[in-house]
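The shown structure was predicted, so the numbers you read here are calculated from the model rather than taken from an experiment. These values consider heavy atoms only, across backbone and side chains, with no hydrogens, waters or symmetry-generated copies.
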Amino acid sequence: MKRDYYEVLGVSKNATQDEIKSAFRKLAKKYHPDVCKDPDGAEKFKEAQEAYAVLSNETERAKYDKYGHNAFSGNAGGGSTGGYDFSGFDFSSIFDDLFGGNDFSSFNFGMGGFGRNSRNNKRRGSDLVYNLKIDFLDAAYGAEKDITLDVVDTCSNCNGEGGFDKTTCSTCGGRGVVRTESRTILGTIMTNSPCRDCGGTGYTFRTVCPECRGKGKIKQRKTYTVNVPKGINTGEQVRMSGKGEAGLNGGPNGDLYIEFEVKPHQLYKREDDDLYIEMPVTITDLVLGTSKTINTLDGKIELKIPASSQAGDTLRVKGKGMPNVHTGRYGDLYVILKLVLPNRLTKSQKDLFNELSKTELDDNEAFRKFDKLNK
């Protein structure tokens, strides 16, 4: 008994075409024989193909909604006998649409020979990832960087064909497969296998291209200019469309992904879009208060340190952090006050500290709390 097509795809009977397409895409990726090792994976893949072939066609779907599987068994009047007729259904075009030219259509499972020769299908080229190290200030202000890498590209000598004077393969007659017959105790078994002479393409060349040696591709060294966005952070990527490896049989090129690694800065420490710096201050800076000139990404500013500040206090400067790579809005700058004591004192300085030590300075809450716990 065949399962309900809606149940196979896991959608409701009111599902839109986009929902049906999305459901089939997930099942095709899950159960495709290249990736699925389950014993019943091939059968589930075939089942999903059949369900999608019917439900993606509004006319056939209407028949199915009215008569169920009988719509294609001859019991509903006007339907084809022996089940749904897949002989005119081009699954390869469906897979090209769903998976961007990647070949998922080479398995027809005896459903009427609907697919094209998978060897000749358009295939999208592979994506590439390039790790680019940049300085902190390049990430802050944006920059242009030239990169050089080896890319598998279409052979310009033969335009990606692999040779010259293309002719139909005499062994397979252009089909790309050869059929062999073997006799067993169970009877005669017919087996289709890729043609060894043409590699399954259905054609050969009188002259093989000397540049690519028949592969249609050749490795070339290329230089690209990368635009570094303002605010980019380590681990983030930029996509350069069509700069990856060449596709097969006229398929589109893959993409090049630039993955950034931002070198640390000696002064600034970054957390998301905020920046942190430690600024050395003296004890008099903290006690009496003062102003300090500091550099930000947006120029110099005067930072006011309030009187009676404590070591480790953090002062916030709004909008002086890093720009957000997506929105362009700036984070904040946080200045941490780091107390630095003198290594050596002059005699007059020592006298001043001795005089200061005679005054009462231990009325702070921290002193009282410590004395209480200490007792």
[X] bridged to [Y] by N-O distance under 4.0 Å:
| X | Y | value |
| --- | --- | --- |
| Glu60 | Lys63 | yes |
| Glu245 | Lys217 | no |
| Arg316 | Asp332 | yes |
| Asp371 | Lys375 | no |
| Asp135 | Lys263 | yes |

**Request:** Evaluate the side chain to side chain contact (heavy atoms under 4.5 Å, CB included) criterion for residues Leu275 and His265: first the C-alpha distance (whole Å), next the side-chain angles of each, then the deciding distance (0.1 Å), finally the verdict.
**Result:** CA-CA 11 Å; Leu275 294 178; His265 193 270; over 6 Å; no
Kindly indicate whether the side chain of [X], heavy atoms from C-beta on, has any atom under 4.5 Å from the side chain of [Y].
| X | Y | value |
| --- | --- | --- |
| Arg61 | Ile20 | yes |
| Tyr203 | Cys169 | no |
| Asn159 | Thr154 | no |
| Tyr130 | Val238 | no |
| Met279 | Leu337 | yes |
| Val317 | Thr296 | no |
| Phe24 | Val11 | no |

How many angstroms lie between atom [atom1] of [X] and atom [atom2] of [Y], to the nearest 0.5 angstrom?
| X | Y | atom1 | atom2 | value |
| --- | --- | --- | --- | --- |
| Lys145 | Asn227 | NZ | CG | 12.0 Å |
| Gln237 | Leu256 | CD | CG | 10.0 Å |
| Arg206 | Thr204 | CZ | OG1 | 8.0 Å |
| Ile283 | Ser309 | CD1 | OG | 12.5 Å |
| Lys338 | Leu286 | NZ | CG | 13.5 Å |
| Ile147 | Tyr224 | CD1 | OH | 8.0 Å |

Side-chain donor-acceptor contact under 3.5 Å, [X] with [Y]:
| X | Y | answer |
| --- | --- | --- |
| Glu302 | Thr293 | yes |
| Glu50 | Tyr5 | yes |
| Asn295 | Tyr268 | no |
| Arg25 | Tyr52 | no |

Under 3.5 Å, is there a donor-acceptor pair between the side chain of [X] and the main chain of [Y]?
| X | Y | result |
| --- | --- | --- |
| Glu43 | Asp40 | no |
| Ser291 | Lys304 | no |
| Asp285 | Thr282 | yes |
| Gln17 | Leu55 | yes |
| Glu161 | Cys158 | no |

To check you understand the geometry: which heavy-atom pair defines the closest contact between [X] and [Y], and what is its length?
| X | Y | result |
| --- | --- | --- |
| Gly202 | Cys198 | N-SG, 3.2 Å |
| Asp273 | Arg270 | OD1-NH2, 3.6 Å |
| Asp255 | Gly242 | OD1-N, 2.9 Å |
| Leu297 | Ala140 | CD1-CB, 3.9 Å |
| Asn157 | Cys209 | ND2-SG, 3.2 Å |
| Gly312 | Ile336 | O-CG2, 4.1 Å |

**Item:** Candidate pair Ser12 and Tyr6, rule side chain to side chain contact (heavy atoms under 4.5 Å, CB included), full reasoning
**Value:** CA-CA 6 Å; Ser12 69; Tyr6 292 101; over 6 Å; no
**Asked** Is Asn374 atom CG crowded by more than 12 heavy atoms from other residues, nucleotides or ligands, each under 6.0 Å away?
**Response** yes
**Prompt:** Would the number of heavy atoms belonging to other residues, nucleotides or ligands and lying under 6.0 Å from CG of Asp272 be above 12?
**Reply:**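 No, not enclosed.
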**Intermediate values then yes/no, side chain to side chain contact (heavy atoms under 4.5 Å, CB included), Val129 and Asp127** = CA-CA 7 Å; Val129 178; Asp127 294 333; over 6 Å; no
Please determine whether residues [X] and [Y] belong to a single hydrophobic cluster, defined as Ile, Leu, Val, Met, Phe, Trp and Tyr linked transitively by side-chain heavy-atom distances below 4.5 Å.
| X | Y | answer |
| --- | --- | --- |
| Tyr276 | Leu333 | no |
| Tyr141 | Leu267 | yes |
| Leu27 | Tyr64 | yes |
| Ile305 | Val335 | yes |
| Tyr334 | Phe136 | no |

**Request:** Would you sort out whether Val151 and Gln220 count as a side chain to side chain contact (heavy atoms under 4.5 Å, CB included), showing the intermediate values?
**Result:** CA-CA 5 Å; Val151 180; Gln220 295 182 343; 5.9 Å; no
